[in-house]
Amino acid sequence: MNEITATPAAAQPPAGCGARSLAIARTGARCFFVAPALALLAGCAGERTQSALHPAGPMAADIARVWWILFAVCTAVFVVVVLLMLLAVLRRGGHDRFRSPLGDKFIVVSGIIIPTFILAPLLFLSLGTTSNLRMPETSVTIEVVGYQWWWEVRYPDFGIVTANELHIPVGEPVRLEMTSADVVHSFWVPELGGKRDLNPGITTTFWIQADRPGVFRGQCAEYCGVQHAKMGFLVVALPVNDFATWVSERQEPHPEPVDERLLRGREAFFTGQCHACHAIRDTGATARVGPDLTHIGSRLSLGAATVPNNRGNLMGWIANPQPIKPGNLMPPTYLETDELHDLTDYLMSLQ
């Protein structure tokens, strides 16, 4: 009689264990690879507003190049890690043929040697890019002051003061001298460059450059209070000749209004106490609490890029800005309906 040697049940893998492990591995692979692919495709949709991956200047291009290289390296590392994880799952199911031939050396190779060969070039890439981002020589200087929650913009060489918009010449670097009037803010135009913090009592230097005309949205990138999310601004890049024209027009004095409606609107500006916070050049209103309104009629937005600048939005902002931008520091303005219309017309005429 032949002897039959039984293998202890504990030494044998349960029936179907390998199949279940393989199914789990395949499901995991689909999740790990399909989900990131869908996320990438979702990121390609919509307008390219405030996107660091679509640079329009040399600084932003250097930053985007580093980002794409890091993305490629990290993706490769991610794929390798997922494959090793799947091999571990399969090995757990009893597939000994996947056992690593390196043994304990695998830890040294994968945990020390390979990361060193990956991280060292990335370190030199980062240092080289940082060196390239040094401020170049420039003939245009703009002073930026961050407030809760808007931006004051000054052109000291041209005697121009505006708010929430920076006009710059295309193809020329622009020096920024920035500070904060209250809390820490952060200046960021993703399509034109990196971030730079604005600290109270400290002047920070920075630079941006646009290689093509356009309007590029910027944002405060440091949490600064209740309306941090609506503390935006616009950078308008103009061809050199158009920028010179813009500067020349902003330096000219406003003509004295002759229309009765505009005269009544200017009077309402003072009787409504708007001059207690805002300045309008050549009118005697010189307050610096709120944005300078000298050329408010030509601006593209209101409330630090919160809403488009048009007659309806401006009238609503004057009457009560809180529904548009809750928590901002401007109180409602109590005027009669006719006065409100006249004041709106007057401000819109300030081009």
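Counting only distance, with no hydrogens or angles, the side chain of Glu252 and the backbone of Glu249 share no donor-acceptor pair below 3.5 Å. Glu165 places no side-chain N or O within donor-acceptor distance of the main-chain N or O of Thr162, the cut-off being under 3.5 Å. At least one donor-acceptor pair under 3.5 Å links the side chain of Asn328 to the backbone N or O of Lys325. With Ser180 contributing its side chain and Val183 its backbone, the two residues share a donor-acceptor pair below 3.5 Å. With hydrogens and angles disregarded, a donor-acceptor distance shorter than 3.5 Å links the side chain of Gln219 to the backbone of His228. In this structure a side-chain-to-backbone donor-acceptor pair under 3.5 Å is missing from His185 to Leu198. Asn313 places a side-chain N or O within donor-acceptor distance of the main-chain N or O of Pro308, the cut-off being under 3.5 Å. Between the side chain of Gln322 and the backbone N or O of Met330, at least one donor-acceptor pair lies under 3.5 Å. Side chain of Arg196 to backbone of Thr205: a donor-acceptor contact under 3.5 angstrom is found. Proximity of a side-chain donor or acceptor of Ser126 to a complementary backbone N or O of Leu122 within less than 3.5 Å is not detected.
Contact annotation: the side chain of Thr129 approaches that of Arg65 to within less than 4.5 Å [non-hydrogen atoms, C-beta and beyond]. For the pair Asp62 and Leu133, the minimum side-chain heavy-atom distance is below 4.5 Å. Considering only heavy atoms from C-beta on, Leu350 stays 4.5 Å or farther from Thr294 through its side chain. Using a 4.5 Å cut-off on side-chain heavy atoms (C-beta onward), Pro326 and Val226 make no contact. Side-chain contact check for Leu192 versus Gln209: every heavy-atom pair is 4.5 Å or farther apart. Counting heavy atoms from C-beta outward, Trp207 and Pro58 have side chains that approach closer than 4.5 Å. The shortest distance between side-chain heavy atoms of Arg154 and Ile142 does not fall below 4.5 Å. Between Met348 and Leu314 there is a side-chain heavy-atom pair separated by less than 4.5 Å.
Electrostatic pairing of Arg288 and Glu152 counts as a salt bridge here, judged by a charged N lying under 4.0 Å from a carboxylate O. Taking the charged nitrogens against the carboxylate oxygens, Asp342 and Arg261 have no contact shorter than 4.0 Å, which rules out a salt bridge.
Between His254 and His295, the ring-plane angle classifies as tilted under the 30° and 60° cut-offs. Using bins of under 30°, 30° to 60° and over 60° for the plane-to-plane angle, the ring pair Phe187/Trp151 lands in the perpendicular bin.
Within the model, atoms CG of Asn309 and CG of Leu302 stand 4.0 Å from one another, a figure rounded to the nearest 0.5 Å. A distance of 11.0 Å separates CG in Leu343 from CG in Leu262, rounded to the nearest 0.5 Å. One finds the CD1 atom of Ile63 at 11.0 Å from the CG atom of Asn132 (value rounded to the nearest 0.5 Å).
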### Task
For side chain to side chain contact (heavy atoms under 4.5 Å, CB included), just list the numbers for Glu177 and Val144, CA-CA rounded to whole Å, side-chain angles, deciding distance to a tenth of an Å, and then say yes or no.
CA-CA 6 Å; Glu177 297 180 353; Val144 179; over 6 Å; no
### Task
Quick one: do Leu293 and Arg299 satisfy side chain to side chain contact (heavy atoms under 4.5 Å, CB included)? Show the steps, please.
CA-CA 10 Å; Leu293 304 182; Arg299 293 181 193 160; 4.3 Å; yes
### Message
Run Asp197 and Ser186 through side chain to side chain donor-acceptor pair (under 3.5 Å) and show every step you take.
### Response
CA-CA 4 Å; Asp197 285 351; Ser186 185; 3.1 Å; yes
### Task
Could you go through the side chain to side chain contact (heavy atoms under 4.5 Å, CB included) check for Cys224 and Met231 one step at a time?
CA-CA 9 Å; Cys224 55; Met231 188 176 170; 3.8 Å; yes
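When all heavy atoms of Ala210 and Ile168 are compared, the pair lying nearest together is CB-CD1, 4.0 Å. Between Pro121 and Thr116, the shortest heavy-atom contact is CD-O, 4.2 Å. Taking every heavy atom of both residues into account, Phe233 and Ala305 meet most closely at N-CB, 3.9 Å. Between Glu137 and Pro173, the closest heavy-atom pair is O-CG, 3.4 Å. Pairing each heavy atom of Thr179 with each of Asn199, the nearest pair is OG1-O, 3.3 Å. What you find for Met59 and Phe206 is that their closest heavy atoms are SD-CZ, 3.8 Å.
Under the rule for a ring-ring contact (aromatic ring centres under 6.0 Å, His included), the partners of Trp246 that lie at least two apart in sequence or sit in another chain are Tyr155, His167.
Note on Ile118: it clusters hydrophobically with Leu70, by side-chain heavy-atom contacts below 4.5 Å among ILVMFWY residues.
A donor-acceptor pair shorter than 3.5 Å can be found between the side chains of Arg311 and His341. Ser298 and Arg250 share a side-chain donor-acceptor pair at under 3.5 Å.
Counting Ile, Leu, Val, Met, Phe, Trp and Tyr side chains that sit under 4.5 Å apart, directly or through other members, Trp150 shares a hydrophobic cluster with Val145, Tyr147. Grouping Ile, Leu, Val, Met, Phe, Trp and Tyr residues whose side-chain heavy atoms lie under 4.5 Å apart, directly or via other members, places Leu127 in a hydrophobic cluster with Leu123.
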